[in-house]
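This report refers to the structure that appears directly beneath it.
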Amino acid sequence: MLGTGVVGRSIGSRLVALGHTVTMGSRTADNPDATAWAGATGGGAAHATFADAARAGDLLFNCTAGAASLEALASVDPSDLAGKVLVDVANPLDVSGGFPPILTISNSDSLGERIQRTYPDLRVVKTLNTVTASVMVDPGVLGAPHHVFVSGDDAEAKRVVTGLLAEMGWPPTSVVDLGDITTARGTEMYLALWVRLYGALGTAQFNIGLVR
């Protein structure tokens, strides 16, 4: 787990509850948020640097802020990334100007693509970036059918991630495979609408469902 924010802590806690072993990585081995999370979560939870967490993980989650994602990955030995699946949950949002945040990458590129180009041996799957953390780990909380999306070049990696999503409560019928990693542009740019919906609704407890 790369990242110690609410998304990383939420997904990490859910995975530990499901029986997985999770190491939460940050810039320093003694990051207070990661240390507190590991202590509160108990067995199956550990904390370390980005590099050590990536080395320990069979499957990686990028839950860093989008602007810091490539920097975080740069601190990892490339040999510890090669061949592994990276679930990219991050969005390239700039929040420095207040609400609404703006996208720093859009239209002809995406954060998911940049990570994949930088690390061609990494198997990047973009998903879960269109919902808030509590919905990521408990989709049933909304009480009605809704959908999540996956983007990536590696079909087997997407199968693995779809299986993990099912463990967290997303049935296969709720997962829409958009295609290769370039389709991450669509889900990342959806954030421009997501933040406006958040502002209008006054809550992040929502998602979209496809009606065909």
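Because only heavy atoms are used, hydrogens play no part in the values below, and waters and symmetry mates are left out as well, while side chains stay in. Position 1 is the first residue of the sequence, and the numbers go up from there.
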Worksheet entry | Test log, rule side-chain contact (heavy atoms from CB on, under 4.5 Å), inputs C63 and L2 | CA-CA 6 Å; C63 298; L2 307 182; over 6 Å; no

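- Side chain of S75 to backbone of A72: a donor-acceptor contact under 3.5 angstrom is found.
- If you run side chain to side chain contact (heavy atoms under 4.5 Å, CB included) between N62 and each of V89, L122, L70, I115, only I115 comes through.
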Practice prompt. Evaluate the side-chain contact (heavy atoms from CB on, under 4.5 Å) criterion for residues F61 and L86: first the C-alpha distance (whole Å), next the side-chain angles of each, then the deciding distance (0.1 Å), finally the verdict.
Written response: CA-CA 6 Å; F61 274 82; L86 174 77; 5.9 Å; no

Worksheet entry | Stepwise side-chain contact (heavy atoms from CB on, under 4.5 Å) test for F149 and Y190 | CA-CA 11 Å; F149 309 96; Y190 165 71; over 6 Å; no

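- Using a cut-off of 4.0 Å between Lys/Arg side-chain N and Asp/Glu carboxylate O, K158 and D177 are scored as salt-bridged.
- A 4.5 Å side-chain heavy-atom check between L128 and L165 finds at least one atom pair inside the cut-off.
- With W170 contributing its side chain and M136 its backbone, the two residues share a donor-acceptor pair below 3.5 Å.
- A side-chain donor-acceptor contact under 3.5 Å links R185 to the backbone of S108.
- Judged as a salt bridge (Lys or Arg N to Asp or Glu O under 4.0 Å), the pairs with a partner in residues 36-52 (not counting sequence neighbours) are, in order, D52-R55.
- Two residues are said to be in side-chain contact when any heavy atoms from C-beta on lie closer than 4.5 Å; T4 and W37 fail this criterion.
- To the nearest 0.5 Å, the span separating CG on L73 from CG on D88 amounts to 8.5 Å.
- Applying the salt bridge (Lys or Arg N to Asp or Glu O under 4.0 Å) rule to pairs touching residues 92-103 yields nothing, sequence neighbours excluded.
- The closest donor-acceptor contact from the side chain of T132 to the backbone of S134 lies at 3.5 Å or more, if one exists at all.
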Worksheet item: Step by step, would you call R14 with H20 a side-chain contact (heavy atoms from CB on, under 4.5 Å)?
Response: CA-CA 9 Å; R14 180 71 167 128; H20 297 279; over 6 Å; no

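- In this structure a side-chain-to-backbone donor-acceptor pair under 3.5 Å is missing from N91 to L93.
- The closest donor-acceptor contact from the side chain of E113 to the backbone of S110 lies under 3.5 Å.
- Counting only distance, with no hydrogens or angles, the side chain of R123 and the backbone of G83 share a donor-acceptor pair below 3.5 Å.
- Considering only heavy atoms from C-beta on, V85 stays 4.5 Å or farther from V124 through its side chain.
- Using a 4.0 Å cut-off between charged side-chain N and carboxylate O, D109 and R117 make a salt bridge.
- Between T23 and H47 the shortest side-chain heavy-atom distance does not fall below 4.5 Å.
- T104 places a side-chain N or O within donor-acceptor distance of the main-chain N or O of P92, the cut-off being under 3.5 Å.
- A donor-acceptor pair under 3.5 Å is formed between the side chain of H147 and the backbone N or O of L210.
- One N or O on the side chain of T187 and one on the backbone of A184 form a donor-acceptor pair closer than 3.5 Å.
- You'll find the side chain of W194 stays beyond 4.5 Å of the side chain of T130, heavy atoms only.
- Salt bridge present: E188 and K126 bring a charged side-chain N and a carboxylate O closer than 4.0 Å.
- The environment of D58 atom CG is sparse: at most 12 non-hydrogen atoms of other residues, nucleotides or ligands sit within 6.0 angstrom.
- Y119 pairs by the ring-ring contact (aromatic ring centres under 6.0 Å, His included) definition with nothing, not counting sequence neighbours.
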